Amino acid sequence: MTFDWLWTGFYLVKAGQLVLGPFQGPIACTRIGYGKGVCGSAWQHNQTLIVPDVEAFPGHIACSSDSRSEIVVPIHDATGQVVAILDVDSANLATFDATDARYLEEIVTALTPLFPAGTTTPATAD
């Protein structure tokens, strides 16, 4: 099974901004401010955002002109603080829906142990 997504990656909360972490796809924006673009808005509002047409999203940051739709999911530490963002982009319009949100939210919930309370970067294995 393939998803045919354009870009998938993580932004980590560091020093009051989102900093590009591990990703797959073309080069992306390396830093995003709080409340800026889709990722910064998901962080600010602490909620998953599904954007069927990124061109219609106010303040969208065009990291790639090939991106047409997007889903962004906040990742929390054990205290509920947003410590990272999962960002998935598609080259097609309206790629993502509530089913994608549900399962991506389950995936990021499983990542919570990687982010101990009060940290803004993932824990590393000993």
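Along the sequence shown, residues are numbered consecutively beginning with 1. None of these values were measured; they are calculated from a predicted model.
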Test item: S64 and D89 side chains (from C-beta on) under 4.5 Å apart, heavy atoms: no

Point-to-point distance, once rounded to the nearest 0.5 Å, from CZ of R68 to CD of E55: 6.5 Å

T8 vs L86 side-chain heavy atoms within contact, under 4.5 Å: yes

For L20 against C29, the heavy-atom pair lying closest together: CB-O, 3.8 Å

Residues that S41 engages under side chain to side chain donor-acceptor pair (under 3.5 Å), provided they are two or more places apart: none

I107 reachable from V88 in the ILVMFWY side-chain graph, under 4.5 Å edges: yes

Gap separating the CZ atom of F96 from the OG atom of S90, nearest 0.5 angstrom: 5.0 Å

Co-membership, hydrophobic cluster, residues I61 and V13, 4.5 Å side-chain: yes

Flag, side chain of Y11 to backbone of G40, donor-acceptor distance under 3.5 Å: no

T79 versus D77, closest heavy-atom pair with distance: OG1-OD1, 2.7 Å

Pairwise distance OG1(T95) to CG(D53) - rounded to 0.5 angstrom: 10.5 Å

Cluster link Y34 to V82, ILVMFWY, side chain under 4.5 Å: yes

Sequence-distant partners of R102, salt bridge (Lys or Arg N to Asp or Glu O under 4.0 Å), two or more places apart: E106

Pairwise distance CD(E70) to CH2(W5) - rounded to 0.5 angstrom: 12.5 Å

For the student: nearest non-hydrogen atoms of A94 and S69, plus distance: N-CB, 3.6 Å

Cluster check L114, V19: I/L/V/M/F/W/Y, side chain < 4.5 angstrom: no

Test log, rule side chain to side chain contact (heavy atoms under 4.5 Å, CB included), inputs I50 and D100: CA-CA 9 Å; I50 300 169; D100 297 302; over 6 Å; no

Reported CD-to-SG distance for the pair Q44 and C39, which is rounded to 0.5 angstrom: 13.0 Å

Residue pair A42 / P74: nearest heavy atoms and the distance that separates them: O-CG, 3.8 Å

From CH2 (W43) to NZ (K36), nearest 0.5 Å: 11.5 Å

Matching residue for I85 among I32, T48, L18, V38 - test: side chain to side chain contact (heavy atoms under 4.5 Å, CB included): L18

F10, F23, W7 screened by side chain to side chain contact (heavy atoms under 4.5 Å, CB included) with D87, the one that passes: W7

